[in-house]
Engineer: 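Got a structure for you, written out below as structure tokens; questions coming shortly.
Just the heavy atoms: all of them, side chains too, but no hydrogens, waters or symmetry mates, feed the values below. What you see is a predicted model; the values in this text were computed from it and never measured.
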Amino acid sequence: MPTIDPRVDAYIEKSAPFAQPILLHLRKLVHKACPQVVETIKWSFANFDYKGMFCSFAAFKQHCAFGFWKTALMADPEGVLSEKKNEAMGCLGRITSMKDLPPDAVIIRFINPTCSYGSQN
């Protein structure tokens with residue numbers, strides 16, 4: 001059973017309409033790939049902890065951001081993280097719609113603690 005924080009629900013509900021489906025989708029992927037993750041709110045945006053700070057997302061007026069706390073330690077064979085790291089907070093660049101996200105399988109591979117740095121913590 002996922003550890004859901006009602007403050008994250010409120011955060012998503014208060015976000016701009018374009019951002020809500022993006023945030024809901026990312027939240028679902030995080031919980032799918034790492035069932036042990038714990039949601040929280042830190043620095044006024046949604047964070048996910050797994051053996052420490054793991055990843056987060058945020059919504060702004062015209063874009064969303066998603067990132068990992070230890071991006072530099074992650075394998076990135078597709079270059080998804082490195083290509084967009086300077087476009088916005090987070091490591092996936094400016095996310096304005098679902099089409100800006102990499103395929104679910106790529107995101108899950110980054111989130112899954114047995115596939116990236118998470119298993120080393």
Engineer: Counting C-beta onward and ignoring hydrogens, is there a side-chain heavy-atom pair between Phe57 and Phe45 closer than 4.5 Å?
Structural biologist: no
Engineer: Which heavy-atom pair separates Cys55 from Trp69 by the least distance, and what is that distance?
Structural biologist: N-CD1, 3.6 Å
Engineer: Going by the rule side chain to side chain contact (heavy atoms under 4.5 Å, CB included), which residues pair with Pro21 if we only count those two or more places apart in sequence or in a different chain?
Structural biologist: none
Engineer: Which value, rounded to the nearest 0.5 Å, describes the distance between Ile107 atom CD1 and Leu92 atom CG?
Structural biologist: 6.0 Å
Engineer: Tell me, do Thr71 and Asp76 make a side-chain contact under 4.5 Å, heavy atoms counted?
Structural biologist: no
Engineer: Parallel, tilted or perpendicular: which one describes the rings of Tyr50 and Phe54, with boundaries at 30° and 60°?
Structural biologist: perpendicular
Engineer: With sequence neighbours left out, write down each residue that passes side chain to side chain contact (heavy atoms under 4.5 Å, CB included) with Phe18, or none if nothing qualifies.
Structural biologist: Ala16, Ile22, Cys64
Engineer: Are Ile4 and His31 close enough, and set up right, to give a side chain to side chain contact (heavy atoms under 4.5 Å, CB included), and what steps lead you there?
Structural biologist: CA-CA 9 Å; Ile4 301 295; His31 284 285; 3.7 Å; yes
Engineer: Quick one: are Ile41 and Asn47 in side-chain contact, heavy atoms under 4.5 Å?
Structural biologist: no
Engineer: Working to the nearest 0.5 Å, report the span between SG of Cys34 and CZ of Phe48.
Structural biologist: 10.5 Å
Engineer: Using the salt bridge (Lys or Arg N to Asp or Glu O under 4.0 Å) rule, collect all pairs that involve residues 30-41, keeping only residues at least two apart or in two chains.
Structural biologist: Arg27-Glu39
Engineer: What is the distance from atom OH of Tyr11 to atom CG of Asp5, rounded to the nearest 0.5 Å?
Structural biologist: 13.0 Å
Engineer: Would the distance check show the side chain of Asn112 and the main-chain N or O of Arg109 forming a donor-acceptor pair, the cut-off being under 3.5 Å?
Structural biologist: no
Engineer: Among all residues two or more places apart in sequence or in another chain, which pass the salt bridge (Lys or Arg N to Asp or Glu O under 4.0 Å) test with Asp104?
Structural biologist: none
Engineer: According to a hydrophobic-cluster definition based on side-chain heavy atoms being under 4.5 Å apart (Ile, Leu, Val, Met, Phe, Trp, Tyr only), do Leu24 and Ile95 belong together?
Structural biologist: yes
Engineer: Could you list the residues that satisfy side chain to side chain contact (heavy atoms under 4.5 Å, CB included) with Val38, not counting sequence neighbours?
Structural biologist: Thr3
Engineer: Holding to side chain to side chain contact (heavy atoms under 4.5 Å, CB included), I want the full list of residues that pass it with Asp49, two or more places apart in sequence or in another chain.
Structural biologist: Thr40, Lys42, Met53
Engineer: Is any side-chain heavy atom of Arg94 less than 4.5 Å from a side-chain heavy atom of Gln62?
Structural biologist: yes
Engineer: Are His25 and Leu101 side-chain neighbours, meaning at least one heavy-atom pair lies under 4.5 Å?
Structural biologist: yes
Engineer: Can you tell me how far CZ of Phe66 sits from SG of Cys91, rounded to the nearest 0.5 angstrom?
Structural biologist: 7.0 Å
Engineer: Could you pull out the closest heavy-atom pair between Ser15 and Ala59, with the gap in Å?
Structural biologist: OG-CB, 3.5 Å
